[in-house]
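Remember, it's 1-based here, ligands and their atoms both numbered in the order they're listed. In this chain, residues are counted from 1 in sequence order.
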Amino acid sequence: METQKIGGKTQLYGIFAHPIKHSLSPFLHNQSFLDNDIDARYLAFDVEPNEFDAAMKSIQALNIGGLNLSMPYKEKALSYMDELSPEAEFIGAINTILNRDDVLIGYNTDGIGFVRSLEAENIQLANQRVVLLGAGGASKAVAYQLCQNHVKEIIIFKRKNRTFQEVCNYFKGMSEKCHIPIRVFPYEDHLNLNHKIKNSDIIVNCTNIGMGHLEEAMPINDLSILEKNQVVVDLIYQPQETLFLKGAKKRGCHTINGLGMLLYQAAEAFNIWTGSDMSISNIEETVKRKLYKEGSTS
Ligand code: NAP
């Protein structure tokens with residue numbers, strides 16, 4: 001990669017995560033600084049949990065312009081913020097910090113990244129019926145943004161474990177605030193799951209099923225319920241095509257993996273920091289090569 005010279009005024013940006021491994025974010029942001037002729041650098045910081053407090057306090061001390069946060073710090077960082085954007089406040093987790101003259105503002109760009117990635121594939125959201133499988137941090141961010149995009153309804157499936165009622169209450173609050181019907185059902189009720197999926201326009205896997213040790217598993221049992229007019233999205237981008245997406249593609253569905261969400265959430269953070277655009281079309285091919293041939297992560 002071509003680089004600009006580092007000088008006395010070069011602005012620092014970065015990501016705090018643990019573990020960080022082969023993060024793709026430095027490439028995305030450094031290439032975009034270069035493309036936009038911005039005197040800045042982005043570094044990946046593997047912050048140990050016992051050093052998180054010191055790392056957060058260093059943002060103002062070192063005049064870091066902005067940060068991304070990944071696992072396990074998206075919720076822990078909230079208490080360090082002076083201000084929160086509306087979506088961050090609602091979701092209760094941040095993945096982006098802007099340091100504006102020592103005022104720290106927290107944002108969550110995952111939901112907007114998701115929606116932009118669907119818009120890039122010409123998917124209409126207004127008035128659509130959406131099923132979300134899973135109800136964790138990503139699902140909350142996606143649901144919030146889907147509401148902002150005026151979907152008709154959101155149906156969420158979540159395991160009936162000790163967090164079920166809490167999650168029901170959370171989404172009831174979101175539904176009331178956003179004036180969009182949101183209902184949560186037990187994941188274990190396969191009959192209902194199949195029925196709701198059949199009657200939906202867009203199905204999104206927001207669980208970890210399909211990656212890591214669950215790479216051979218699928219978030220639904222019966223793929224024959226999928227129809228070719230449906231859009232099936234998997235937030236997973238590693239592997240590039242999960243078994244779920246492969247099966248949905250065979251049924252003729254329009255399938256989309258999580259890479260677009262990854263790129264557009266980064267683009268949104270870049271825009272918050274710099275006011276400039278990340279040129280996704282320019283970097284997408286390099287990103288695919290790094291992810292699928294060289295084994296980088298987010
Ligand atoms: P999370 O907060 O841990 O939530 C995971 C959700 O999946 C939970 O609702 C959990 O159920 C459910 N789940 C996990 N294993 C399950 C199983 N065996 N059966 C049924 N449900 C199961 O994780 P997250 O941050 O939301 O991430 C979820 C997925 O989105 C991951 O695959 C992640 O890689 C992906 N993601 C992608 C992007 C992107 O940019 N493309 C960004 C963020 C996340 P319980 O609630 O019952 O525990």
Counting heavy atoms only, which of [options] is nearest [atom]?
atom: atom 25 (O) of ligand 1; options: G136, A138, G134, G113; result: A138
atom: atom 12 (C) of ligand 1; options: I156, N95, T207; result: T207
atom: atom 45 (P) of ligand 1; options: M211, K160, E166, K158; result: K158

Could you find the nearest protein heavy atom to [atom] and give me its residue, atom name and distance?
atom: atom 9 (O) of ligand 1; value: A135 N, 2.8 Å
atom: atom 15 (N) of ligand 1; value: R159 NH2, 3.6 Å
atom: atom 23 (O) of ligand 1; value: N208 OD1, 4.1 Å
atom: atom 19 (N) of ligand 1; value: I209 CD1, 3.4 Å

For [X], counting its heavy atoms only, list the atoms of ligand 1 lying under 4.0 Å from any of them.
X: I236; value: 32 (O)
X: M261; value: 38 (C), 39 (C), 40 (O), 41 (N), 42 (C)
X: G258; value: 39 (C), 41 (N)
X: G137; value: 2 (O), 26 (O)

Discussion item. N192 and side chain to side chain donor-acceptor pair (under 3.5 Å): which single residue from E188, K196, H190 fits?
Written reply: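 With N192 as partner, side chain to side chain donor-acceptor pair (under 3.5 Å) holds for just one option, K196.
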Discussion item. Can you see whether Y170 has K140 sitting over its ring - NZ or CZ less than 6.0 Å from the centre and within 45° of the normal?
Written reply: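 That pair qualifies as a cation-pi contact.
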Worksheet item: Do the numbers put K160 on top of the ring of F164, so that NZ or CZ is under 6.0 Å from the six-membered ring centre and no more than 45° off the axis?
Response: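 Yes, a cation-pi geometry holds between K160 and F164.
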Item to complete: Answer yes if a protein heavy atom lies under 4.0 Å from atom 3 (O) of ligand 1, otherwise answer no.
Response: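 Neighbour list for atom 3 (O) of ligand 1 is empty of protein heavy atoms (cut-off 4.0 Å).
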Item to complete: Please indicate, with yes or no, if any protein heavy atom is found under 4.0 Å from atom 33 (C) of ligand 1?
Response: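 No, no protein heavy atom sits under 4.0 Å from atom 33 (C) of ligand 1.
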Should the proximity of [X] to ligand 1, defined as any heavy atom under 4.0 Å, be assigned to the side chain, the backbone, both, or neither?
X: C206; value: backbone
X: V167; value: neither
X: L235; value: both
X: N161; value: side chain
X: Y237; value: side chain

Worksheet item: Side chains of Y80 and D53: donor-acceptor distance under 3.5 Å anywhere?
Response: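 The criterion, which ignores hydrogens and geometry beyond distance, is satisfied for D53 and Y80.
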Discussion item. Under a plain distance cut-off of 3.5 Å, with no hydrogens placed, do N68 and S25 share a side-chain donor-acceptor pair?
Written reply: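 Result is no, nothing qualifies.
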Worksheet item: Pick one: which of V142, L259, I256, T242 meets side-chain contact (heavy atoms from CB on, under 4.5 Å) with L235?
Response: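 When side-chain contact (heavy atoms from CB on, under 4.5 Å) is applied between L235 and each of V142, L259, I256, T242, only V142 qualifies.
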Kindly say whether [Y] contributes a backbone atom to a donor-acceptor pair with the side chain of [X] at under 3.5 angstrom?
X: Q128; Y: D201; answer: no
X: Q265; Y: L262; answer: yes
X: Q230; Y: S200; answer: yes

Worksheet item: Should the ring pair W273 and Y42 be called parallel, tilted or perpendicular, given that the plane angle runs from 0 to 90° and is split at 30 and 60?
Response: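 It falls in the tilted class, 30° to 60°.
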Worksheet entry | Pair K172 + E176: basic N to acidic O under 4.0 Å |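 Yes, charged N to carboxylate O under 4.0 Å.
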